[in-house]
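Presented below is the structure to which this report refers.
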Amino acid sequence: MKTLKLKIILLLLFVASGIGINGQFKTVEDSLDYELHYKKYYDCKYEPGYVLIIQKKGKIIDPAKSWKPTKEGFAIRMEGIYDLEFNDEKRYRSGVIKNITKDSLTISSTMNENCAKYEGIKYELFTYSIKDIVIARFINDRSLGIFSRKKINDDYEVFAMKVDKAKLCPAVLTFPKRNNEVKVCHYYLTDQGYDILFETNGFLDYMQYPVYWQ
């Protein structure tokens, strides 16, 4: 008898080299028809664009290999979720990076409009210079709410790098334990690497079930 497991309708390949968080996943073009399946929930394609590199001076961050924060630095990708604070003292704990250009990035106030209602804020997009990031936080222990904190100061270089596949496209997952509800799940950079975040009535939660692809 088959055990109940999380069945992925679609988990996009988000590592340019073909390696995902815990293994290799098919792209939507390989597994499911884009127009009929993925696009009706979310519109995201692998296209050339920029990723943001934040690295210690004298070090080199390779975005194809950088999938967790290290002492050398980290990379920021479009459609990923990051906890960032800017020089205007505004902090976005679950902001989605909607765009990266050569000299700017655009971040949402929270993951989506349902989350904004739940948090009692307005869903908005804010654009900053890439030099405006002052602090990045990475959750270390979810149950205790412990974060590691990286201050982006003069010891760091911050620049945009052009790559062939710039976006960290969200996964569209079916949750059998939630009456087969379909959710758009963004990737969130933690101290251990990328986790999956999903929203239920505005409340953000982490992936709690094993992830399989087919």
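Remember, it's a predicted structure, so these values are computed and weren't measured experimentally. All values below were derived from every heavy atom in this structure, side-chain atoms included, with hydrogens, water molecules and symmetry-related copies excluded. Each residue takes its place number in the sequence, starting with 1.
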For T106, run the side-chain hydrogen bond (donor to acceptor under 3.5 Å, both in side chains) check against T127, T101, N99 and tell me which one passes.
T127

Distance check, rounded to the nearest 0.5 Å: K45 atom NZ versus K165 atom NZ?
14.0 Å

With no hydrogens and no angle check, just 3.5 Å: does a side-chain donor-acceptor pair link K68 and T190?
no

Would a single hydrophobic cluster contain both L125 and I107, if residues Ile, Leu, Val, Met, Phe, Trp and Tyr are joined by side-chain heavy-atom contacts under 4.5 Å?
no

Close side-chain approach of Y188 and Y194, heavy atoms under 4.5 Å
no

Would you mind reporting whether K183 and T200 have side-chain heavy atoms less than 4.5 Å apart?
yes

Output the distance between atom CG (L105) and atom CD1 (I130), rounded to the nearest 0.5 Å.
8.5 Å

Taking all non-hydrogen atoms of both residues, which atom of S66 and which atom of A75 are closest, and how far apart?
OG-N, 3.7 Å

To the nearest 0.5 Å, how far apart are CD1 in I76 and CD1 in I100?
6.5 Å

Of all heavy-atom pairs linking I61 and Q55, the shortest is N-OE1, 2.8 Å

Hey, can you pull the donor-acceptor pairs under 3.5 Å for the side chains in residues 108-116, sequence neighbours left out?
from	atom 1	to	atom 2	distance (Å)
S108	OG	V96	N	2.9
S108	OG	T110	O	2.7
S109	OG	K122	O	2.9
S109	OG	E124	N	3.0
T110	OG1	S94	OG	3.0
T110	OG1	E119	OE2	2.8
N112	OD1	N114	N	3.1
N112	OD1	C115	N	2.9
N112	ND2	E199	OE1	3.1
N114	ND2	E199	OE2	3.4

Taking side-chain contact (heavy atoms from CB on, under 4.5 Å) as the definition, give me every residue that meets it alongside K59, ordered by chain and number, with sequence neighbours left out.
K56, E72

Nearest 0.5 angstrom please: K39 NZ to C44 SG, how far?
12.0 Å

Determine the minimum heavy-atom distance between L52 and A160, stating which atoms define it.
CD1-N, 4.1 Å

Could you go through the ring-ring contact (aromatic ring centres under 6.0 Å, His included) check for H186 and Y42 one step at a time?
CA-CA 11 Å; H186 285 264; Y42 206 83; 5.5 Å; yes

Does some side-chain heavy atom of F138 sit less than 4.5 Å from a side-chain heavy atom of L189?
yes

State which residues pass salt bridge (charged side-chain N to carboxylate O under 4.0 Å, His left out) with R93; sequence neighbours excluded, sorted by chain then number.
none

What's in the same ILVMFWY side-chain cluster as I60, cut-off under 4.5 Å, chained through other members?
none

Residues in side-chain contact (heavy atoms from CB on, under 4.5 Å) with I152, at least two apart?
I54, F74, I133, K150, Y156, V158

Report yes if the side chains of V163 and P48 come closer than 4.5 Å at any heavy-atom pair, otherwise no.
no

Whichever hydrophobic residues join I135 through chains of side-chain contacts under 4.5 Å
V134

Which heavy-atom pair separates A136 from L84 by the least distance, and what is that distance?
CB-CD2, 3.8 Å

Measuring from atom CZ of R137 to atom CG of D191, what distance do you get when rounded to the nearest 0.5 angstrom?
13.5 Å

Considering non-hydrogen atoms only, spot the tightest contact between C185 and I196 and give its length.
CB-CG2, 3.2 Å

Contact list for residues 94-112, test salt bridge (charged side-chain N to carboxylate O under 4.0 Å, His left out), sequence neighbours left out:
E79-K98

List in chain and number order the residues that pass side-chain contact (heavy atoms from CB on, under 4.5 Å) with D164, two or more places apart in sequence or in another chain; answer none if no residue qualifies.
none

Is there a path of hydrophobic side-chain contacts, each under 4.5 Å between heavy atoms of I/L/V/M/F/W/Y residues, joining Y38 to Y41?
yes

Kindly indicate whether the side chain of Y187, heavy atoms from C-beta on, has any atom under 4.5 Å from the side chain of D195.
no

F126 ring center near Y92 ring center (under 6.0 Å)
yes

Give a yes or no on whether N153 atom CG has more than 12 heavy-atom contacts from other residues, nucleotides or ligands under 6.0 Å away.
yes

Which residues share a side-chain contact (heavy atoms from CB on, under 4.5 Å) with D88, sequence neighbours left out
F86, K90, Y128

Not counting sequence neighbours, which residues clear ring-ring contact (aromatic ring centres under 6.0 Å, His included) with F159? List them please.
none

Taken in chain and number order and not counting sequence neighbours, the residues that satisfy salt bridge (charged side-chain N to carboxylate O under 4.0 Å, His left out) with R91 are D83

Would you say that Y82 contacts I97 through its side chain, given a criterion of any heavy-atom pair below 4.5 Å between the two side chains?
yes

In Å and rounded to the nearest 0.5 Å, what is the CD to CG distance from E181 to N179?
8.0 Å

Among the clusters formed by ILVMFWY side chains lying less than 4.5 Å apart, do Y50 and I53 turn up in the same one?
no

Flag side-chain contact, heavy atom, 4.5 Å: P170 against F198:
no

Is it the case that the side chains of S148 and N140 hold a donor-acceptor pair, with the cut-off being a distance below 3.5 Å and no angle test?
no

Linking directly or through intermediates, with side-chain heavy atoms under 4.5 Å: list the remaining ILVMFWY members grouped with Y118, chain and number order.
F203

